[in-house]
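Because the structure is a prediction, the values reported are computed rather than measured.
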Amino acid sequence: DIGSHCRIVFIDAGSHARLDRLASLGIVQGSVIRVHQKRPAFVVQIGETTLALDPDIAKEVYVKRAG
């Protein structure tokens, strides 16, 4: 949901290059993100960084709500 904090539990990237790119942006297993927007692109905040993710990439990132 928008405004929720989530912990990344798994990333099913299509390639090692994509996984490396996501890691360089801070999108790694265990990171906590905050969801700002879902459409037309996912906008998430990781620490002080805000990123827009293409829906095809966002569907490869599995999260659960952070308590």
Side-chain angles (χ1 to χ4, degrees):
D1 295 332
I2 294 174
S4 64
H5 288 84
C6 303
R7 183 172 306 278
I8 298 172
V9 293
F10 183 72
I11 300 172
D12 185 19
S15 68
H16 287 290
R18 181 177 286 175
L19 189 60
D20 289 343
R21 178 70 176 141
L22 291 172
S24 73
L25 296 170
I27 301 175
V28 294
Q29 185 175 345
S31 294
V32 175
I33 63 172
R34 182 170 183 237
V35 180
H36 285 283
Q37 176 181 309
K38 289 183 171 181
R39 289 191 179 109
F42 280 82
V43 177
V44 297
Q45 181 176 353
I46 302 171
E48 298 297 319
T49 304
T50 302
L51 301 169
L53 300 174
D54 185 90
D56 290 336
I57 295 173
K59 72 180 181 182
E60 298 174 348
V61 180
Y62 294 84
V63 299
K64 71 175 187 176
R65 282 193 182 203

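Distance alone, capped at 3.5 Å, places no donor-acceptor pair between the Arg7 side chain and the Val32 backbone. For Gln45 (side chain) and Gly47 (main-chain N/O), a donor-acceptor pair under 3.5 Å exists by modelled atom type.
Following chains of ILVMFWY side-chain contacts shorter than 4.5 Å, one cannot reach Leu25 starting from Val28, and the two form parts of different hydrophobic clusters.
In this structure, Arg18 places its CZ atom where more than 12 heavy-atom neighbours from other residues, nucleotides or ligands lie under 6.0 Å away.
If you run side-chain contact (heavy atoms from CB on, under 4.5 Å) between Ile33 and each of Ile27, Leu53, Val44, only Val44 comes through.
Phe42 approaches Pro55 most closely through the heavy-atom pair CD1-CA, 4.4 Å. Listed here is the closest heavy atom pair of Leu22 and Ile11: CD1-CG2, 4.0 Å. Gly26 and Ser31 get closest at one heavy-atom pair: O-OG, 3.1 Å.
A heavy-atom distance below 4.5 Å is not found between the side chains of Asp12 and Lys59. Within the 4.5 Å cutoff, the side chain of Thr50 has heavy atoms near those of the Val43 side chain.
Of the inter-residue distances, the one linking Ile57 atom CD1 with Leu51 atom CG reads 10.5 Å to the nearest 0.5 angstrom. How far SG of Cys6 is from NZ of Lys64: 11.0 Å, rounded to the nearest 0.5 Å.
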